[in-house]
Amino acid sequence: MVEVEESIRIDASGETVWAELADFGAIARWAPNVDHSSLASHSSGGVGTVRRVQVGRNALLERVVAWEPGASLSYAIEGLPPVVHSVINSWDIVDDGGPTVVTPTVVTLTSRIEPGPRPPHQLAARVVGRALGKASREMLAGLKSQVERSHVEESK
C-alpha cells in the first residue's frame with residue numbers, strides 16, 4: 001500500500017470546515033482541480049452517498065465509506081486506471097485549540113492506494129500517489145480559501 005498525507009491549518013472552526021466537506025456534491029465549488037461535481041445517489045450525506053466528479057477528461061465516482069460528522073469523511077474513488085486496485089481518500093478534522101478568538105482547525109487528507117498484485121502495479125501506485133499528493137495540496141488550499149472567505153463573510 002502507498003499512503004500520502006497532506007495537512008493544512010484553517011482559521012475557522014471544525015464545524016465550519018465540516019459544513020463545507022459535508023456538502024458532498026459541491027466539491028467543485030472549492031477544489032480547483034475538480035471541473036464539475038454532482039451527487040450520483042439519492043442521499044446527500046452519510047455512508048453510501050456517491051458523487052460524480054469530472055477531473056479534466058476523467059470522470060470518477062466517489063463513494064462514501066466512512067462518515068463521522070464534524071470529525072472525518074472517507075470515500076473510495078472508482079474509475080482510476082486498472083493497475084490501481086483501490087484508492088481511499090480520508091479527510092480528518094481536528095480543532096487545533098489555539099489561543100485565538102477563532103479556533104484554528106487542522107485538516108488532513110490521506111490517500112491510501114492499494115496496488116494490484118504485480119510489480120508494475122506497485123510502481124504505478126507510487127506514480128498515482130505522487131499525483132494524488134499534488135491534487136491533495138490543491139484541494140486543501142481550495143478548502144482553506146473557501147472556508148476562510150465564507151467565515152469572514154459570516155462575521156460581517
Side-chain angles (χ1 to χ4, degrees), residues 1-56 58-80 84-114 125 128-156:
M1 176 176 14
V2 174
E3 188 171 290
V4 179
E5 183 177 290
E6 299 289 339
S7 295
I8 200 163
R9 186 171 178 258
I10 299 176
D11 291 326
S13 69
E15 181 179 293
T16 303
V17 172
W18 175 256
E20 206 59 56
L21 288 175
D23 191 358
F24 196 64
I27 189 173
R29 181 174 55 220
W30 51 265
N33 49 346
V34 176
D35 299 314
H36 176 76
S37 63
S38 61
L39 288 174
S41 62
H42 294 294
S43 63
S44 61
V47 173
T49 301
V50 179
R51 72 178 166 208
R52 180 187 180 279
V53 295
Q54 187 77 32
V55 179
N58 300 313
L60 305 170
L61 291 179
E62 297 178 334
R63 184 177 313 275
V64 175
V65 295
W67 181 280
E68 188 177 335
S72 65
L73 164 67
S74 298
Y75 51 87
I77 303 173
E78 303 168 7
L80 293 170
V84 177
H85 182 260
S86 69
V87 174
I88 294 181
N89 272 357
S90 297
W91 295 79
D92 294 300
I93 302 168
V94 178
D95 282 333
D96 197 17
T100 61
V101 174
V102 174
T103 303
T105 300
V106 176
V107 179
T108 302
L109 175 53
T110 306
S111 298
R112 291 176 186 84
I113 304 123
E114 190 65 49
V128 169
R130 282 193 292 275
L132 286 176
K134 179 179 184 278
S136 294
R137 289 187 296 277
E138 291 174 5
M139 287 191 294
L140 286 164
L143 178 65
K144 176 181 175 74
S145 177
Q146 174 73 17
V147 168
E148 290 180 353
R149 183 175 46 246
S150 296
H151 183 71
V152 167
E153 290 171 3
E154 289 174 6
S155 299
K156 291 180 179 182

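Each residue takes its place number in the sequence, starting with 1.
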Exercise. Mind checking the CD1-OG spacing from Ile88 to Ser111? Nearest 0.5 Å is all I need.
Key: 10.5 Å
Quiz prompt | Val94 side chain near Thr105 side chain, heavy-atom distance below 4.5 Å | solution = no
Quiz prompt | Sequence neighbours excluded, every pair satisfying ring-ring contact (aromatic ring centres under 6.0 Å, His included) that has a member inside residues 29-51 | solution = Trp30-Trp91
Exercise. Assess whether atom CD of Glu5 is packed by more than 12 heavy atoms of other residues, nucleotides or ligands within 6.0 Å.
Key: yes
Quiz prompt | Contact check, side chains of Glu114 and Val84, non-hydrogen atoms, under 4.5 Å | solution = no
Quiz item: Are any non-hydrogen side-chain atoms of Val64 and Leu73 less than 4.5 angstrom apart?
Solution: yes
Quiz item: If you look at every heavy atom in Ser90 and Arg112, which pair is closest and at what distance?
Solution: OG-NH1, 3.2 Å
Quiz item: Backbone N or O of Pro104 within a donor-acceptor pair of the Asp11 side chain at under 3.5 Å?
Solution: no
Self-check item: Inter- and intrachain pairs under salt bridge (Lys or Arg N to Asp or Glu O under 4.0 Å), touching residues 65-76, at least two apart
Solution: none
Quiz item: Which pair of heavy atoms, one from Gly133 and one from Val4, lies closest together, and at what distance?
Solution: CA-CG1, 3.6 Å
Self-check item: Side-chain heavy atoms of Ile8 within contact of Val106, under 4.5 Å
Solution: no
Self-check item: Straight-line distance of Asn89 CG to Ile113 CD1, nearest 0.5 Å
Solution: 8.5 Å
Quiz item: Minimum heavy-atom separation for Ala28 to Ser37, with atom names?
Solution: N-OG, 3.0 Å
Practice problem: Locate the shortest heavy-atom distance separating Leu140 from Ser7; write the atom from each residue and the value. | Solution: CD1-N, 3.9 Å
Practice problem: Would you give the length of the straight line joining atom CG of Leu21 to atom CD of Gln146, rounded to the nearest 0.5 angstrom? | Solution: 11.0 Å
Quiz item: Shortest non-hydrogen contact from Gln54 to Ala59?
Solution: OE1-CB, 3.7 Å
Quiz prompt | Lys144 side chain to Arg9 backbone, donor-acceptor under 3.5 Å | solution = yes
Quiz prompt | Derivation of the side-chain contact (heavy atoms from CB on, under 4.5 Å) call for Glu15 and Ile93 | solution = CA-CA 9 Å; Glu15 181 179 293; Ile93 302 168; over 6 Å; no
Quiz item: Is there a donor-acceptor pair closer than 3.5 Å between any side-chain N or O of Ser41 and the backbone N or O of Val50?
Solution: yes
Practice problem: State, without any angle test, whether Asp92 and Thr108 hold a side-chain donor-acceptor pair at a distance under 3.5 Å. | Solution: no
Quiz item: Okay, side chain of Ser136, backbone of Glu6: is any donor-acceptor separation there less than 3.5 Å?
Solution: no
Self-check item: Main-chain N/O of Ala141 paired with Ser145 side-chain donor or acceptor, under 3.5 Å
Solution: no
Quiz item: Atom CE in Met1, atom OG in Ser86: separation rounded to 0.5 Å?
Solution: 8.5 Å
Exercise. Considering non-hydrogen atoms only, spot the tightest contact between Leu143 and Val107 and give its length.
Key: CD2-CG1, 4.2 Å
Quiz item: When you check the side-chain N and O atoms of Arg51 and Ser38, is any donor under 3.5 Å from an acceptor?
Solution: no
Quiz item: Once you round to the nearest 0.5 Å, how far does CG of Asp95 lie from OG of Ser13?
Solution: 7.0 Å
Quiz item: Hey, what do you get for CZ (Arg137) to CG (Leu132), rounding to the nearest 0.5 Å?
Solution: 10.5 Å
Practice problem: Determine which pairs satisfy salt bridge (Lys or Arg N to Asp or Glu O under 4.0 Å) with at least one residue from residues 25-35, sequence neighbours left out, and list them in order. | Solution: Glu20-Arg29, Asp23-Arg29
Quiz item: Between Ser43 and Thr49, do the side chains contain an N or O donor and an N or O acceptor separated by less than 3.5 Å?
Solution: yes
